[in-house]
2 protein chains.
Amino acid sequence: MDRTGTGRICDDLTARQRQVLRLLVQEYVASASPVGSGTLLRQGQMGVSSATVRSELALLEELGYLHQPHTSAGRVPTTKGYRYYIERLMDNVELPAPHRMMIGHQFHQIRLNMDQWLQLTAAVLAHTTRSASVVTAPHAAHSRLKHIQLIATHDTLVLMVLVLQDGSVHQEMLAVDEQVTQDRLSVLTSQINDLFRNMTADEIRDEIAHEPPLVTGWPARVVEWFASRMQEVDLRTVDEIYQAGLANVLEQPEFEDVAAFRRLVDMMEQRQRLEVVLARTLTANGVQIIIGGERPIEEVYDVSLVLSPYGIREKASGVLGVVGPTRMPYAHVVSTVRYVARMMDGLIDEVYGEPSA
Amino acid sequence: MDRTGTGRICDDLTARQRQVLRLLVQEYVASASPVGSGTLLRQGQMGVSSATVRSELALLEELGYLHQPHTSAGRVPTTKGYRYYIERLMDNVELPAPHRMMIGHQFHQIRLNMDQWLQLTAAVLAHTTRSASVVTAPHAAHSRLKHIQLIATHDTLVLMVLVLQDGSVHQEMLAVDEQVTQDRLSVLTSQINDLFRNMTADEIRDEIAHEPPLVTGWPARVVEWFASRMQEVDLRTVDEIYQAGLANVLEQPEFEDVAAFRRLVDMMEQRQRLEVVLARTLTANGVQIIIGGERPIEEVYDVSLVLSPYGIREKASGVLGVVGPTRMPYAHVVSTVRYVARMMDGLIDEVYGEPSA
DNA sequence: TGTTGGCACTCGATGCTTGAGACTGCTAAA
DNA sequence: TTTAGCAGTCTCAAGCATCGAGTGCCAACA
């Protein structure tokens with residue numbers, strides 16, 4: 001792609017401009033204050049004078065990669081600048097061994113309790129990146145029924161516990177008008193299990209629609225309830241969301257401003273919006289970086305997300321990642337997220353992978 | 001107790017001092033800035049001059065109820081002042097009807113899904129009090145086994161789903177060395193259910209210790225695992241914790257200071273410490289108010305908690321409440337928390353109460 | 001004895017000015 | 001094309017005066 005031979009690589013920036021942009025982003029991420037030509041010279045030896053750097057800076061600003069808070073200040077990367085840095089300039093290194101060891105160590109010696117795993121994953125992510133983290137429970141798109149259990153908790157209340165192929169367990173209660181006995185429920189449990197085991201929600205819907213009714217009276221309504229609950233669980237793209245490390249981001253200077261922090265907290269608390277962002281990553285490949293001000297989160301310009309899917313697509317997959325300031329050490333965060341996602345892949349494979357038999 | 005006849009009631013403060021303290025707390029809660037004698041006079045008609053109020057203020061400060069940030073500022077209640085206000089001066093009114101209606105309305109039309117109920121409860125508490133909220137899942141101290149189900153998810157992995165009398169559902173996986181079949185697990189499921197149903201964790205421990213072993217080989221280890229998991233669940237005082245409304249407290253002026261807000265976030269994120277506080281309320285009667293700087297949370301002096309147990313003691317009970325700034329409209333918050341706790345009582349009774357049969 | 005008006009005083013908040021410092025853009029020379 | 005030099009811009013922190021809410025004290029009074 002180097003068509004001109006003058007250091008113009010790819011399509012737009014010269015080698016020196018790229019170097020300036022890279023140094024500037026790195027310096028800004030480290031120092032959290034606007035970077036001027038002087039600082040840049042001091043930082044990396046680039047063999048030119050400050051005046052040259054200044055003109056490059058002016059050009060980069062004109063091209064939309066940088067922004068100047070005010071005339072006599074240094075430059076700050078724009079969203080476009082971060083995006084360019086992340087995609088073209090950042091060293092995409094593997095997480096250093098000590099970090100890998102530390103993470104690996106924390107993941108050892110824990111029992112096979114999915115809830116604890118996910119909580120731990122969120123904690124580890126938050127801790128190693130000094131940011132907030134999100135982790136969703138693994139989940140399959142059209143999971144099949146593994147087991148249903150109906151339990152009488154009261155004379156007219158039925159507790160349903162639903163276990164799906166993807167390992168998720170769901171529960172809900174239903175009030176029926178008549179008295180129910182555990183004996184009758186146990187029979188019904190067997191019937192439903194025998195009839196619908198290994199079926200998806202859609203298949204169950206079809207089965208019910210076409211077959212003559214299995215039962216009548218309140219058991220029929222229980223079956224109906226079971227089917228609609230299956231459907232509901234099936235439609236959900238993101239199940240439970242685990243979070244950790246909100247306190248970490250409070251250390252960042254950009255969140256001295258309470259309003260800025262509020263945007264981040266809102267982001268974490270508004271489940272709906274968060275779900276949209278997470279769902280996008282669920283079907284993506286590899287680590288996704290969403291920079292504040294970009295598409296799905298235009299209004300939260302000082303927050304970025306580094307997310308990765310994990311698990312086995314179509315079998316049990318979720319999303320995990322980091323939520324932090326836009327001014328974030330992306331290289332480190334990306335490699336951490338990637339590494340933790342790979343770890344989770346391993347776990348999921350162990351738990352849900354193809355049986356050897 | 002009015003021994004002197006000069007307005008000295010109970011034991012310590014005169015009627016006028018109490019009036020001054022009450023007005024001051026109310027005014028401070030409303031305005032968020034130190035209250036002086038002038039403001040106090042303007043607020044409530046107390047028929048005395050500012051000089052008199054000043055001397056009362058000076059006395060109240062000497063007694064430790066008030067604090068003066070600096071010489072030329074007004075007074076601010078101390079922890080002791082808040083405590084006195086809450087216990088002796090606050091109007092303990094019922095939540096006004098419009099609020100009651102709004103809350104009641106939000107609670108209607110939701111299905112019997114405990115998870116959603118608790119999430120909603122947290123949201124409603126946070127919304128009506130404009131603070132953060134915490135709600136724990138209902139839970140019984142020594143709950144009996146209702147149902148256990150063992151499911152083969154893999155050739156050497158067993159998923160156990162545990163349903164207890166208190167309605168809680170617990171799950172965990174176990175890796176066994178040998179191949180397991182669902183058939184064998186189903187048999188084991190029936191055996192365990194038949195043998196241990198309606199027993200507490202302790203009873204199950206005893207039974208296992210004294211009876212000859214039910215099975216040998218890996219099924220024995222599954223039984224052992226089941227028993228230890230029961231024990232573990234039984235020992236837990238607080239199960240899942242639901243939170244909401246952290247963003248609300250960011251509106252409060254005292255949390256302009258990031259450090260202060262950090263203390264609150266830490267409070268909410270450090271599960272261990274939060275559990276200690278919540279567990280204390282679990283065994284208490286009625287609404288508990290923990291003021292920042294007081295016993296279990298000495299170091300978090302700008303945060304207060306208003307908590308209430310709910311549910312049926314020994315059968316299914318939890319804690320719910322509000323976490324907000326010490327400068328909090330206690331009367332309103334207390335009546336909200338009380339009202340919501342009563343609502344939850346109703347639900348719990350419906351779900352776990354004595355069967356009519 | 002308790003209450004009150006008066007008064008001097010304190011001290012944070014506010015606003016203004018000023019100088020230092022960081023960084024810029026521009027220009028003319030190399 | 002690069003660079004040294006320079007004038008200009010703008011923020012920030014410090015210093016300073018002012019304002020005013022609020023205080024404590026005291027003498028006079030009911």
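What's counted below: heavy atoms across the whole structure, side chains too, no hydrogens, waters or symmetry copies.
Rounding to whole angstrom units, CG of residue B:L41 and P of D:dA21 are separated by 14 Å.
Extent of DNA chain C lying under 4.0 Å from chain A heavy atoms, first and last nucleotide in 5' to 3' order, is C:dA22 to C:dC26.
Ionic pairing of B:E94 and B:R338 is not present here: no N-O contact between side-chain nitrogen and carboxylate oxygen is shorter than 4.0 angstrom. Checked for salt-bridge contact, A:E27 and A:R42 miss the test: no charged N lies under 4.0 Å from a carboxylate O.
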Discussion item. Counting primed atoms plus P, OP1 and OP2 as sugar-phosphate and everything else as base, spell out the protein contacts along nucleotides 10-19 of chain D at 4.0 Å heavy-atom distance: B, S or - for each nucleotide, 5' to 3'.
Written reply: BS--------
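Heavy-atom distances under 4.0 Å link DNA chain C to A:R54, A:L57, A:A58 of residues 54-64 of chain A, given in residue order. Contacts between residues 27-37 of chain A and DNA chain C, defined by a heavy-atom separation below 4.0 Å, involve A:G36, A:S37, listed by number.
Looking at heavy atoms from C-beta onward, A:R75 lies out of side-chain contact with A:L60 at the 4.5 angstrom threshold. Considering only heavy atoms from C-beta on, B:V76 stays 4.5 Å or farther from B:V35 through its side chain. Between A:V134 and A:V322 there is no side-chain heavy-atom pair separated by less than 4.5 Å. Under the 4.5 Å side-chain criterion, counting only non-hydrogen atoms from C-beta, B:Q19 is not in contact with B:L89. For the pair B:E275/B:V319, no side-chain contact is recorded, criterion being any heavy-atom separation below 4.5 Å from C-beta on.
The nearest pair of heavy atoms linking A:P69 to A:H67 is CD-O, 3.6 Å.
Ring planes of A:F261 and A:F255: perpendicular class, angle over 60° (limits at 30 and 60°).
A side-chain donor-acceptor contact under 3.5 Å links B:T78 to the backbone of B:G64. A donor-acceptor pair is defined here as one N or O able to donate and one able to accept, closer than 3.5 Å; no such pair exists between the side chain of B:T281 and the backbone of B:A284. Between the side chain of A:N248 and the backbone N or O of A:A126, at least one donor-acceptor pair lies under 3.5 Å. The main-chain N or O of A:Y301 is found under 3.5 Å from a side-chain atom of A:T326 such that the two form a donor-acceptor pair.
Using a 4.0 Å heavy-atom cutoff across all strands shown, B:T39 reaches sugar-phosphate atoms only and no base atom.
Residues A:R130 and A:Q252 have side chains that never bring a donor and an acceptor to within less than 3.5 angstrom of each other.
Nearest-nucleotide positions on DNA chain D place B:A73 closer to the 5' end than the other of B:A73 and B:A51.
Using five terminal pairs a side, the axes of the helix from C:dT1-D:dA30 to C:dA30-D:dT1 at its two ends make an angle of 30°, given in steps of 10 degrees.
For B:Y65, the ring-ring contact (aromatic ring centres under 6.0 Å, His included) partners are B:Y84, not counting sequence neighbours.
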